[in-house]
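For reference, the structure discussed in these notes is given below.
Keep in mind the model is a prediction, meaning the values are calculated, not measured.
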Amino acid sequence: MLYVPRGLLEETRAHLLREAPKEGVGLWAGRREVERVVPLPNVHPSPLTAYLADPLALLKALKALEREGLSLLAIYHSHPSGPALPSPRDIKEARWRVPYVIFGTDGVRAFLLPEGQEVALVVL
């Protein structure tokens, strides 16, 4: 299960709305539940249909979280014109062993990728 306070879920939605129509990307970090939303720049050459977190920004963010004693709990991104389901590209490019949270036109869902197993998202 992935626990996220409603306020941080809304903060994430606001970030992704600012990025639209491009896909937005970022990290959720915390201890047992999401405590921090970390937006990252999407540097993918085709940002309307894919995402790639800026590698330097990602590295800096991970180091800062580690210094603060926070863990990476999830990676989030948006599908501004599609469902909250992993795309073939999402599955192929999954590298992290944390849930991938997808915000789509039909809501928000979390998955372990590349397996595709859905993770319960609990809004607090």
Side-chain angles (χ1 to χ4, degrees):
M1 285 193 207
L2 183 58
Y3 298 92
V4 59
R6 184 169 305 283
L8 295 179
L9 183 69
E10 293 309 318
E11 181 180 330
T12 305
R13 282 187 209 279
H15 162 235
L16 297 173
L17 284 172
R18 287 190 305 273
E19 295 297 317
K22 299 183 306 180
E23 290 194 10
V25 60
L27 309 176
W28 279 354
R31 291 172 185 86
R32 294 186 180 177
E33 67 184 50
V34 177
E35 298 174 41
R36 171 101 29 90
V37 176
V38 183
L40 296 169
N42 179 358
V43 296
H44 196 282
S46 302
L48 296 177
T49 57
Y51 75 94
L52 173 64
D54 177 272
L56 184 56
L58 174 60
L59 181 61
K60 286 180 178 180
L62 291 171
K63 285 185 175 188
L65 293 173
E66 186 177 341
R67 281 192 304 273
E68 295 173 38
L70 300 176
S71 298
L72 176 62
L73 297 181
I75 298 169
Y76 69 83
H77 75 281
S78 59
H79 288 175
S81 58
L85 293 171
S87 69
R89 178 180 282 142
D90 292 339
I91 293 167
K92 180 181 174 196
E93 296 178 358
R95 301 282 185 271
W96 298 84
R97 298 305 307 155
V98 296
Y100 285 77
V101 180
I102 304 171
F103 288 74
T105 55
D106 60 346
V108 58
R109 295 170 74 185
F111 301 88
L112 289 177
L113 299 178
E115 299 86 350
Q117 176 186 354
E118 190 161 2
V119 174
L121 187 62
V122 179
V123 180
L124 304 173

Treating Ile, Leu, Val, Met, Phe, Trp and Tyr as nodes and any side-chain heavy-atom pair under 4.5 angstrom as an edge, say whether Leu17 and Ile102 lie in one connected cluster. no
Flag yes if Leu59 and Leu52 sit in one hydrophobic cluster, no otherwise; membership is Ile, Leu, Val, Met, Phe, Trp, Tyr, and two members link when side-chain heavy atoms are under 4.5 Å apart. no
Looking at Gly24, is its backbone amide N or carbonyl O close enough to the side chain of Ser78 to form a donor-acceptor pair, meaning the two atoms are under 3.5 Å apart? yes
Heavy-atom count check: over 12 atoms from other residues, nucleotides or ligands less than 6.0 Å from Arg31 CZ? yes
Is any side-chain heavy atom of Ser71 closer than 4.5 Å to a side-chain heavy atom of Val98? no
Taking the side chain as every heavy atom from C-beta outward, state whether Pro80 and Glu23 have any atom pair closer than 4.5 Å. yes
Flag yes if Val34 and Leu9 sit in one hydrophobic cluster, no otherwise; membership is Ile, Leu, Val, Met, Phe, Trp, Tyr, and two members link when side-chain heavy atoms are under 4.5 Å apart. yes
Inspect the surroundings of CD in Glu66 and state if more than 12 heavy atoms from other residues, nucleotides or ligands are less than 6.0 Å away. no
What is the minimum heavy-atom distance between Leu40 and Ala61, and which atoms define it? CD2-CB, 4.2 Å
Mind listing the closest non-hydrogen atom pair of Leu85 and His79 along with its distance? O-CE1, 2.9 Å
Path from Phe103 to Leu8 over hydrophobic side-chain contacts below 4.5 Å: yes
With the 4.5 Å side-chain cut-off for hydrophobic clustering, are Val119 and Tyr100 part of the same group? no
Is there a donor-acceptor contact under 3.5 Å from the side chain of Asp54 to the main chain of Pro41? no
Under the salt bridge (charged side-chain N to carboxylate O under 4.0 Å, His left out) definition, can you give me all pairs with a residue in residues 106-124, not counting sequence neighbours? Arg97-Glu115, Arg109-Glu118
Side chain to side chain contact (heavy atoms under 4.5 Å, CB included), that's the test. Do Glu11 and His15 meet it? Break it down for me. CA-CA 6 Å; Glu11 181 180 330; His15 162 235; over 6 Å; no
Before you tell me yes or no, could you show the steps for Leu27 and Leu62 under side chain to side chain contact (heavy atoms under 4.5 Å, CB included), namely the whole-Å CA-CA distance, both residues' side-chain angles and the distance that decides it to 0.1 Å? CA-CA 9 Å; Leu27 309 176; Leu62 291 171; 4.1 Å; yes
Can you tell if the side chain of Val37 reaches within under 4.5 Å of the side chain of Trp28, non-hydrogen atoms only? yes
Taking atom CD of Glu68 as the centre, report whether more than 12 heavy atoms of other residues, nucleotides or ligands fall under 6.0 Å from it. yes
For residues 29-61, which residue pairs pass the ring pair (Phe, Tyr, Trp, His ring centres under 6.0 Å) check, not counting sequence neighbours? Tyr51-His77
Run the numbers on Arg32 and Tyr3 for side chain to side chain contact (heavy atoms under 4.5 Å, CB included), then give the verdict. CA-CA 7 Å; Arg32 294 186 180 177; Tyr3 298 92; over 6 Å; no
Search all heavy atoms of Ala94 against all heavy atoms of Leu113 and return the closest pair with its distance. CB-CB, 3.5 Å
Restricting to non-hydrogen atoms, name the atom on Arg89 and the atom on Thr49 that form the minimum distance, rounded to 0.1 Å. NH1-O, 3.5 Å
Residue pair Ala74 / Val101: nearest heavy atoms and the distance that separates them: CB-CG2, 3.8 Å
Checking side chain to side chain contact (heavy atoms under 4.5 Å, CB included) against Tyr76, which of Val25, Leu16, Val108, Val38 comes through? Leu16
Could you check whether any side-chain N or O of Asn42 sits under 3.5 Å from a backbone N or O of Ala53, counting only pairs where one atom can act as donor and the other as acceptor? no
Mind listing the closest non-hydrogen atom pair of Ala110 and Leu2 along with its distance? CB-CD2, 4.5 Å
With rounding to the nearest 0.5 angstrom, report the CD1 to CG distance, Ile75 to Leu58. 7.5 Å
